[in-house]
Amino acid sequence: MQREACPNVNSPSFHPSEFSQPPRYEQPKTNGKSIAALVLGILSIVLPYIGLIIGIIAIVFASLSFKEIKRTGEQGRGMAIAGLVCGIIGTAIYAIIVLIVIIAAVFLTYSTDSFTI
């Protein structure tokens with residue numbers, strides 16, 4: 001048996017491709033719509049006055065990201081769930097606030113009309 005020597009780097013028969021690199025680990029891509037849903041969901045809770053609209057947009061982005069994640073296999077399902085929950089909470093909070101303001105305005109209007117002489 002004859003042993004093979006290490007290839008000489010300076011020899012014309014040496015090709016760098018003889019030594020392959022180990023495969024690189026690439027982290028799966030995170031879905032952009034799930035990130036947007038999370039950010040908008042948090043903002044829908046925090047921002048007054050426009051939280052209702054932002055919450056609805058967060059819910060839409062979360063549902064779109066669920067479909068894309070299922071189709072493409074990307075990461076971000078947890079962020080989409082968190083964005084959906086925060087969007088629902090923000091929408092509910094500001095819908096209740098708007099409802100209370102409307103009811104209070106109606107009661108104040110009727111109460112001031114009944115005291116006029």
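Positions are given from 1, in the same order as the sequence printed here.
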_Connected via hydrophobic side-chain network under 4.5 Å: Ile42 and Met79_ = yes
*Indicate the atoms forming the closest heavy-atom contact of Gln75 with Ser34, along with that distance.*
O-OG, 4.4 Å
*Is there a path from Ile50 to Val98 through hydrophobic residues (I, L, V, M, F, W, Y) whose side chains come within less than 4.5 Å of each other?*
no
*Which pairs with one or both residues in residues 46-68 pass salt bridge (Lys or Arg N to Asp or Glu O under 4.0 Å), sequence neighbours excluded?*
Lys33-Glu68
*Which pair of heavy atoms, one from Gly83 and one from Ala58, lies closest together, and at what distance?*
O-CB, 4.2 Å
*Nearest non-hydrogen partners of Phe66 and Ala80, listed with the distance*: CE2-CB, 3.7 Å
*Shared ILVMFWY cluster between Leu43 and Phe61, side chains joined below 4.5 angstrom?*
yes
*What distance do Ile88 atom CD1 and Ile93 atom CD1 have between them, rounded to the nearest 0.5 Å?*
12.0 Å
_Path from Leu108 to Ile100 over hydrophobic side-chain contacts below 4.5 Å_ = no
_Rounded distance [0.5 Å steps], CD1 in Ile89 versus CG in Leu84_ = 10.0 Å
*Same hydrophobic cluster for Val85 and Tyr94, using side-chain heavy-atom links shorter than 4.5 Å among ILVMFWY?*
yes
_Spacing of Thr30 atom OG1 and Ile69 atom CD1 [to the nearest 0.5 Å]_ = 8.5 Å
*In Å and rounded to the nearest 0.5 Å, what is the CD1 to CG distance from Ile35 to Leu38?*
8.5 Å
_Just verifying a value: how many Å separate Arg71 CZ and Asn31 CG, rounded to the nearest 0.5 Å?_
9.0 Å
*Identify the residue among Leu47, Ile45, Val39 that makes a side-chain contact (heavy atoms from CB on, under 4.5 Å) with Ile54.*
Leu47
*Is there a donor-acceptor pair under 3.5 Å between the side chain of Ser65 and the backbone N or O of Ala62?*
yes
*What is the distance from atom SG of Cys86 to atom CD1 of Ile59, rounded to the nearest 0.5 Å?*
10.5 Å
